[in-house]
Asks: 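Next up is a structure, given as structure tokens.
Atoms within a ligand are numbered from 1 in the order they appear, just like the ligands themselves. The structure displayed is predicted, hence computed values, not measured ones.
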Amino acid sequence: MLIALASDHAGFELKEHLKDFLRSVGEEFIDVGCYSTESVDYPEFGRKAALMVASKECDRAILVCGTGLGMSIVANRVPGVRAALCYHVLTARLSREHNDSNVLCLGGRIIGNILAEEIVKTWLNTSFEGGRHQKRIDMIDQAGY
Ligand code: RB5
């Protein structure tokens, strides 16, 4: 699986931590920035990674800002993206099983590194259940959001 990674300055340190984690579990990624803790604007980096998922250049994306909120708002403006802001493992699991989330948003100032690893591990390894949930996703796509 190829994963696009993005953050702003507030998510930079967690993004860097997750790069080591992803390497340790053998996942490939493309880091589209930012590349330091110097203040930047999350829409620029979140949109870049979300577009890579929408265009199928990447299979999934993980976006990190201070809260994860800004990144999730930006990513969900891109058609075809289903971004889930997850602060715990259960929502990460359900976002895959029920919503087929293809973008994970994390709050670098809200959660710690170990919880983030658990969320990412669950999110990467949980399959979409399909069935009645597929119909609902089709409804979102057909509405042209
Ligand atoms: C940056 O200060 C902060 O606003 C941003 O990282 C994010 O939390 C926005 O939603």
Asks: In chain order, what residues pass the salt bridge (charged side-chain N to carboxylate O under 4.0 Å, His left out) check against Arg93, with sequence neighbours excluded?
Replies: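 Checked Arg93 against salt bridge (charged side-chain N to carboxylate O under 4.0 Å, His left out); matches are Glu97.
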
Asks: Is there a protein heavy atom at a distance of less than 4.0 Å from atom 2 (O) of ligand 1?
Replies: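 Yes, because at least one protein heavy atom sits under 4.0 Å from atom 2 (O) of ligand 1.
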
Asks: So for atom CG, which belongs to Asn125, do other residues, nucleotides or ligands contribute more than 12 heavy atoms lying within a distance under 6.0 Å?
Replies: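 Correct, the count exceeds 12.
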
Asks: If the threshold is 4.0 Å, N to carboxylate O, is there a salt bridge linking Asp138 and Lys135?
Replies: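 Judged by the 4.0 Å cut-off on N to carboxylate O distance, Asp138 and Lys135 do not form a salt bridge.
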
Asks: Against heavy atoms of Ala10, which atoms of ligand 1 measure under 4.0 Å?
Replies: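 Matching atoms, with element in brackets: 6 (O).
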
Asks: Would you mind listing which atoms of ligand 1 come within a distance below 4.0 Å of any non-hydrogen atom of Gly66?
Replies: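 In order of numbering, the contacting atoms are 5 (C), 6 (O), 7 (C), 8 (O).
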
Asks: Show the atoms of ligand 1 that are less than 4.0 angstrom away from any heavy atom in Asp8.
Replies: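 Those of ligand 1 that fall under 4.0 Å from Asp8 are 1 (C), 5 (C), 6 (O).
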
Asks: Checking the N or O distance criterion of under 3.5 Å, is ligand 1 in contact with Tyr42?
Replies: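 Among all N and O atoms of Tyr42, none is under 3.5 Å from an N or O of ligand 1.
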
Asks: Measuring from non-hydrogen atoms of His9 to any atom of ligand 1, is the shortest distance under 4.0 Å?
Replies: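 A heavy atom of His9 does come that close to ligand 1.
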
Asks: Can you check whether Asp41's main-chain N or O pairs, donor with acceptor, with Asp8's side chain at less than 3.5 Å?
Replies: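 Side chain of Asp8 to backbone of Asp41, a donor-acceptor pair under 3.5 Å: no, none is there.
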
Asks: With clusters defined by side-chain heavy atoms of hydrophobic residues (ILVMFWY) lying less than 4.5 Å apart, directly or transitively, does Leu115 cluster with Leu106?
Replies: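 Both belong to a single hydrophobic cluster.
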
Asks: Checking the N or O distance criterion of under 3.5 Å, is ligand 1 in contact with Cys65?
Replies: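 Not met; the criterion fails.
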
Asks: Hey, what's the ring geometry for His133 with Phe128, parallel, tilted or perpendicular (30° and 60° as the breaks)?
Replies: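 The arrangement is tilted - the two ring planes meet at 30° to 60°.
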
Asks: Counting each atom of ligand 1 from 1 as listed, which ones have a heavy atom of Gly70 under 4.0 Å away?
Replies: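 Close to Gly70: 9 (C), 10 (O).
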
Asks: For atom 8 (O) of ligand 1, what's the nearest protein heavy atom and its distance?
Replies: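 I find the closest protein heavy atom is Thr67 N, 2.9 Å.
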
Asks: Please check this pair: side chain of Thr126 against backbone of Trp123, looking for a donor-acceptor N/O pair closer than 3.5 Å.
Replies: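 No, the answer is negative, given that no donor and acceptor are paired below the 3.5 Å cut-off.
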
